[in-house]
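Just passing along the structure, written as structure tokens.
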Amino acid sequence: MTSTVPPARTDAVPAARTSARTPASTPAARTAAEPPARAFPPGFRWGAATAAYQIEGAAAEGGRTPSIWDTFSHTPGRTAGGQTGDVAVDHYHRFREDVRLMARLGLTSYRFSLSWPRIQPTGRGPALESGLDFYRALADELAEHGIRPVATLYHWDLPQHLEDAGGWPVRESAERFAEYAALTAQALGDRIDTWVTLNEPWCSAFLGYGSGVHAPGRTSPADALRAAHHLNLGHGLAVGALRAALPSTAEIAVSLNLHAVRPLTGHPDDLAAARRIDAVGNRIFTGPMFAGAYPDDLLADTAHLVDWADLVRDGDLAEISRPIDLLGLNYYTPTVVSAARDGEAATARHDGHGASPHSPWPGADDVTFHRAPGELTAMGWPIDPTGLTELLTSLHREHGLPLLVTENGAAFEDVVGPDGSVDDPRRIAYIRAHLAAVHHALEAGADVRGYYLWSLLDNFEWAYGYAKRFGAVHVDYDTLARTPKASAHWYAEVIRRGGID
């Protein structure tokens with residue numbers, strides 16, 4: 001990865017390549033007069049998603065200060081090869097090129113995150129106009145191309161100033177987050193009508209403060225639980241702030257990476273293990289957000305780690321359970337667990353969340369994780385789209401909210417061909433199977449409003465650095481040139497036809 005920011009490109013986005021392997025000559029590319037076998041509803045949002053630290057670069061421009069991911073990635077041994085998001089894929093300077101590329105692919109919506117330290121460098125005080133101006137320009141460019149913006153307020157880039165004051169384990173971070181939400185909505189609410197408060201708060205709390213594989217890299221089970229509560233509280237306070245600042249037509253959501261938890265066997269001990277993981281992996285968020293209470297079994301499982309009566313103050317649950325308009329689901333792979341057998345040490349090595357001697361599952365030390373059957377992605381994650389249908393239908397049944405698949409995708413070992421093209425049939429097969437899973441959920445009655453492919457671009461993949469490529473668009477990390485992969489052309493044809501065969 002080059003450490004020098006090149007000049008902004010002014011050339012056009014590469015045209016779609018046509019070959020025997022591209023959609024132009026496959027059965028999927030039938031005429032528009034022939035409807036797809038699995039048609040999606042009119043108005044379905046066909047999107048792609050990104051995150052600020054993973055793509056923007058310009059880490060010290062326009063008044064931006066370090067986030068916890070800047071600090072974490074610059075700490076030796078934390079990321080693969082010591083790689084950082086200082087430059088990433090330079091979206092900050094190339095966003096117009098990237099929006100033109102989105103338009104060529106036919107995206108109807110784009111989900112991105114706002115960089116908190118770019119807008120409010122210390123997490124306190126007034127917003128920086130230079131930071132807001134970047135997002136104003138991005139939103140205007142999207143509007144010019146007919147692409148609906150979806151803004152995520154928090155995708156893991158807490159200002160380092162707030163981490164130095166205690167981070168998410170302290171209550172002040174939730175209060176500061178609400179102020180940041182208000183500032184941002186007041187400035188951008190005339191351009192953006194769909195807002196996501198948090199992305200994957202489970203990862204923020206339990207990978208950031210439990211196992212330490214994500215920023216800020218702390219390893220305290222008690223702090224992880226405190227962080228989870230304050231992320232919940234920050235979400236609720238932000239919902240209130242957004243409601244006060246935005247037009248009544250605006251939509252507010254949260255994106256959760258809920259786990260499709262499956263017991264290894266039907267043995268009562270394995271069923272109990274699955275219950276524990278469901279509690280600390282899912283219901284720790286859905287309980288307070290949608291039922292106004294933490295589950296009793298979660299409180300019992302973790303009572304030895306945190307005093308919940310002291311942590312949860314009067315009024316917190318009412319704030320957390322403020323109504324939202326949409327529920328976002330991020331899904332990649334199922335979670336298979338069992339109770340630890342006699343003589344077998346419980347391990348989290350197959351939970352899919354990175355290697356660490358510290359568990360991200362407080363209160364579940366006696367649970368063993370197993371790799372689900374199926375083909376693996378480059379992340380070592382088994383491919384099983386049935387978990388997506390399972391989660392969408394259960395969320396519809398239990399909460400009755402309109403749903404968005406706010407992230408779904410796969411990393412594979414992409415190879416650039418002699419002509420510069422990237423043929424990625426395994427990614428096409430992955431997306432097709434998961435779109436079919438979404439369609440199954442629609443047929444079962446789930447109100448699914450959109451699908452956001454992760455990710456639009458190859459990018460900085462957190463602790464994996466630049467080693468894992470999720471993008472539908474290939475990025476040459478030396479030149480930063482963008483080239484749509486075969487999967488991007490295939491997805492464009494899906495969007496054009498409004499469904500899959």
Which heavy atom in T71 sits nearest to a heavy atom in P66, and how many Å separate them? OG1-CB, 4.4 Å

Side chain proximity check, Y135 to D133, heavy atoms < 4.5 angstrom: no

E141 bridged to R100 by N-O distance under 4.0 Å: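 So E141 does not pair with R100 through a salt bridge.
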
Does any N or O in the side chain of N330 come within less than 3.5 Å of the main-chain N or O of L256, such that one atom is a donor and the other an acceptor?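 No; zero donor-acceptor contacts below 3.5 Å.
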
Salt bridge R94-D98, side-chain N to carboxylate O under 4.0 Å: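 Answer for the salt bridge query: no.
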
Does any part of the side chain of H399, heavy atoms only, come nearer than 4.5 Å to the side chain of T286, both counted from C-beta? yes

Considering residues at least two apart in sequence or located in another chain, which fulfil the salt bridge (Lys or Arg N to Asp or Glu O under 4.0 Å) criterion with D458? R469, K485

Kindly determine whether E200 and W156 satisfy side chain to side chain contact (heavy atoms under 4.5 Å, CB included), including the steps that lead there. CA-CA 9 Å; E200 299 186 355; W156 308 352; 3.2 Å; yes

Rounded to the nearest 0.5 Å, how far apart are CD1 of I428 and CD1 of I500?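 That separation rounds to 12.5 Å.
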
Which distance, rounded to the nearest 0.5 Å, do you find between the CH2 of W462 and the SG of C203? 10.0 Å

To the nearest 0.5 Å, tell me how far L404 CG sits from L326 CG.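 The CG atom of L326 is 5.0 Å from CG of L404, to the nearest 0.5 Å.
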
Keeping the roles fixed (side chain from N232, backbone from I284), state whether a donor-acceptor pair exists under 3.5 Å.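 Yes.
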
Could R427 and E413 be called an ion pair, given the rule that one side-chain N must be under 4.0 Å from one carboxylate O?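 Looking at R427 and E413, the cut-off is not met.
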
Taking all non-hydrogen atoms of both residues, which atom of A174 and which atom of L237 are closest, and how far apart?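 Smallest heavy-atom distance, with atoms named: O-CD1, 3.8 Å.
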
Close side-chain approach of T184 to L114, heavy-atom, < 4.5 Å: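 Side chain of T184 against side chain of L114, heavy atoms only: contact under 4.5 Å found.
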
Do NZ/NE/NH1/NH2 and the carboxylate oxygens of R449 and D447 come within less than 4.0 Å? yes

Residues E251, R45; criterion salt bridge (Lys or Arg N to Asp or Glu O under 4.0 Å); working and verdict: CA-CA 14 Å; E251 298 175 324; R45 303 185 198 186; 2.6 Å; yes

Donor-acceptor pair, distance only, cut-off 3.5 Å: does the side chain of H235 make one with the backbone of L231? no

Determine yes or no for a side-chain-to-main-chain donor-acceptor pair under 3.5 angstrom, with T377 supplying the side chain and M379 the backbone.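 Here the side-chain-to-backbone pair exists.
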
Ring centers of Y332, W454 separated by less than 6.0 Å: no

ring-ring contact (aromatic ring centres under 6.0 Å, His included) with H214: of Y53, W69, F72, Y464, only one passes, and it is W69

Before you tell me yes or no, could you show the steps for H474 and D424 under side-chain hydrogen bond (donor to acceptor under 3.5 Å, both in side chains), namely the whole-Å CA-CA distance, both residues' side-chain angles and the distance that decides it to 0.1 Å? CA-CA 11 Å; H474 178 271; D424 55 343; over 6 Å; no

Keeping the roles fixed (side chain from Y110, backbone from V150), state whether a donor-acceptor pair exists under 3.5 Å. no

So does T84 get a backbone contact from the side chain of Y466, meaning a donor-acceptor N/O pair under 3.5 Å?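 Yes; judged by distance alone, with no hydrogens or angles, the pair exists.
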
I need the W168 CH2 to H230 NE2 distance, nearest 0.5 Å. 10.0 Å

Heavy-atom pair with the smallest gap, counting every atom of A215 and I68: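 Result for this residue pair: CB-O, 3.5 Å.
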
Trace of the side chain to side chain contact (heavy atoms under 4.5 Å, CB included) decision for L327 with L395: CA-CA 9 Å; L327 174 56; L395 289 171; 3.9 Å; yes

Mind listing the closest non-hydrogen atom pair of K468 and A378 along with its distance?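 Scanning both residues completely, I find the closest heavy atoms to be NZ-O, 3.0 Å.
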
Give, for atom CZ of F177 and atom CG of L153, the distance between the pair rounded to the nearest 0.5 Å.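 If we round to the nearest 0.5 Å, F177:CZ and L153:CG are 4.5 Å apart.
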
Between E61 and H93, does any side-chain donor sit less than 3.5 Å from a side-chain acceptor?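 Their side chains do contain a donor-acceptor pair, which is all the 3.5 Å distance test asks for.
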
Where D423 and A486 come nearest, the two heavy atoms and their spacing: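 Reported closest heavy-atom pair: OD1-CB, 3.7 Å.
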
Applying side chain to side chain contact (heavy atoms under 4.5 Å, CB included), run through I320 and H229 and close with a yes or a no. CA-CA 9 Å; I320 296 168; H229 175 63; 3.8 Å; yes

State, yes or no, whether a side-chain contact exists between T108 and I147 at a heavy-atom distance under 4.5 Å.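 Counting from C-beta outward, T108 and I147 never come under 4.5 Å.
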
Which label fits Y451 and Y491: parallel for a plane angle under 30°, tilted from 30 to 60°, or perpendicular past 60°? perpendicular

Can you tell if the side chain of R148 reaches within under 4.5 Å of the side chain of D193, non-hydrogen atoms only?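 Touching, per the 4.5 Å side-chain cut-off.
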
Side-chain contact, heavy-atom cut-off 4.5 Å: Y430 with S487? no

Steps toward side-chain hydrogen bond (donor to acceptor under 3.5 Å, both in side chains) verdict (N199, S255): CA-CA 5 Å; N199 179 79; S255 289; 4.6 Å; no

Residues R38 and D501 bridged, charged N to O under 4.0 Å: no

For the pair D70 (side chain) and S67 (backbone), establish whether a donor and an acceptor sit closer than 3.5 Å, ignoring hydrogens and angles. yes

Parallel, tilted or perpendicular, as decided by the 30° and 60° cut-offs, for the rings of W202 and H259: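 Perpendicular, since the angle between the ring planes exceeds 60°.
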
Between R111 and G47, is there a donor-acceptor pair closer than 3.5 Å when you use the side chain of the first and the backbone of the second?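 No, because the side chain of R111 does not come within donor-acceptor range (under 3.5 Å) of the backbone of G47.
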
Can H91 and L138 be said to form a side chain to side chain contact (heavy atoms under 4.5 Å, CB included), step by step? CA-CA 10 Å; H91 175 73; L138 173 60; 4.2 Å; yes

Hey, does the side chain of N459 reach the backbone of L457 with a donor-acceptor pair shorter than 3.5 angstrom? yes

Provide the closest heavy-atom pair for L317 versus P288 in the form atom of the first, atom of the second, distance. CD2-CB, 3.9 Å

Trace of the side-chain hydrogen bond (donor to acceptor under 3.5 Å, both in side chains) decision for Y154 with S113: CA-CA 7 Å; Y154 186 73; S113 77; over 6 Å; no

Mind checking the CG-CG spacing from N408 to L435? Nearest 0.5 Å is all I need.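 So the gap between those two atoms works out to 7.5 Å.
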
Is there a donor-acceptor pair closer than 3.5 Å between any side-chain N or O of T389 and the backbone N or O of A437?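 Indeed, once roles are kept as given, a pair shorter than 3.5 Å links the two residues.
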
Sequence neighbours excluded, every pair satisfying side chain to side chain donor-acceptor pair (under 3.5 Å) that has a member inside residues 118-129: E56-R118, W116-Q120, R124-E172, E129-R136

Any side-chain heavy atom of D86 within less than 4.5 Å of one from H74? yes

Pair D157 + R64: basic N to acidic O under 4.0 Å: no

Side chains of H155 and Q54: closer than 4.5 Å at any heavy-atom pair?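 H155 reaches Q54 side chain to side chain.
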
